[in-house]
Amino acid sequence: MKDAWIKESRLTAAGVADLKGNDLLVADRLAAAAHGDFSACFDLGVAYSTGSHGMACDLVEAHKWFNLAAVNGHEEAATCRAELADEMTAREIAEAQRRARQWLAASPSSPATGAA
């Protein structure tokens with residue numbers, strides 16, 4: 001999987017001073033995802049699948065975020081989701097899908113174009 005993430009140059013100096021680097025990156029991506037930025041969902045999938053940016057490696061969460069990006073047209077997310085699914089049990093995949101649906105239901109600003 002390609003390691004994709006936001007560039008730190010997009011961050012303000014004041015924002016960096018307020019939070020630790022990894023926490024700020026994750027907070028930025030979570031906020032962007034809540035506002036319908038499915039590229040941010042992909043970034044969160046990368047963080048959870050690799051255990052980077054201060055996140056613990058969690059394949060269920062990674063699958064959820066890749067799924068949210070993939071159903072909204074992010075082709076690389078679909079590939080990453082399929083690769084993860086090969087390493088997961090059916091129960092884990094079902095849980096990831098449940099979490100994706102729950103995220104969509106709780107985020108009315110997320111313009112989902114497909115079913116999670």
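Below, all heavy atoms of this structure are taken into account, side chains as well, without hydrogens, waters or symmetry copies.
- Taking CD1 of Ile93 as the reference point, atom CE of Met88 lies at 5.5 Å (rounded to 0.5 Å).
- Residue pairs that meet the ring pair (Phe, Tyr, Trp, His ring centres under 6.0 Å) test with at least one member in residues 73-102, sequence neighbours left out, are Phe42-His74.
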**Request:** Evaluate the side chain to side chain contact (heavy atoms under 4.5 Å, CB included) criterion for residues Arg99 and Asn67: first the C-alpha distance (whole Å), next the side-chain angles of each, then the deciding distance (0.1 Å), finally the verdict.
**Result:** CA-CA 10 Å; Arg99 290 181 192 180; Asn67 195 24; over 6 Å; no
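- Listed by chain and number, the residues in a salt bridge (charged side-chain N to carboxylate O under 4.0 Å, His left out) with Glu87 amount to none (sequence neighbours excluded).
- Minimum interatomic distance between Ala96 and Val60 (heavy atoms only, all atoms of both residues): CB-O, 3.4 Å.
- Put simply, CG on Asp58 and OG on Ser49 are 10.5 Å apart, with the number rounded to the nearest 0.5 Å.
- A heavy-atom distance below 4.5 Å is not found between the side chains of Val71 and Phe66.
- Counting all heavy atoms, side chain and backbone alike, Trp103 lies closest to Leu30 at CH2-O, 4.3 Å.
- Taking all atoms of both residues into account, the shortest heavy-atom contact from Gly45 to Ala62 is O-CB, 3.6 Å.
- Within the 4.5 Å cutoff, the side chain of Gln97 has heavy atoms near those of the Arg101 side chain.
- In summary, Arg91 and Glu95 do not engage in a salt bridge, as defined by a charged side-chain N under 4.0 Å from a carboxylate O.
- In terms of heavy-atom proximity, Leu68 sits nearest to Phe38 at O-CD2, 3.2 Å.
- Annotation: side chain of His63 is not in contact with side chain of Glu92 (no heavy-atom distance under 4.5 Å).
- Between Cys57 and Thr50, every side-chain heavy-atom pair lies at or beyond the 4.5 Å cut-off.
- Between Lys64 and Leu44, every side-chain heavy-atom pair lies at or beyond the 4.5 Å cut-off.
- Contact between Ala70 and Ala77 at its shortest, heavy atoms only, is N-CB, 3.8 Å.
- From Glu76, atom CD reaches atom OG of Ser39 across 10.0 Å, with rounding to the nearest 0.5 Å.
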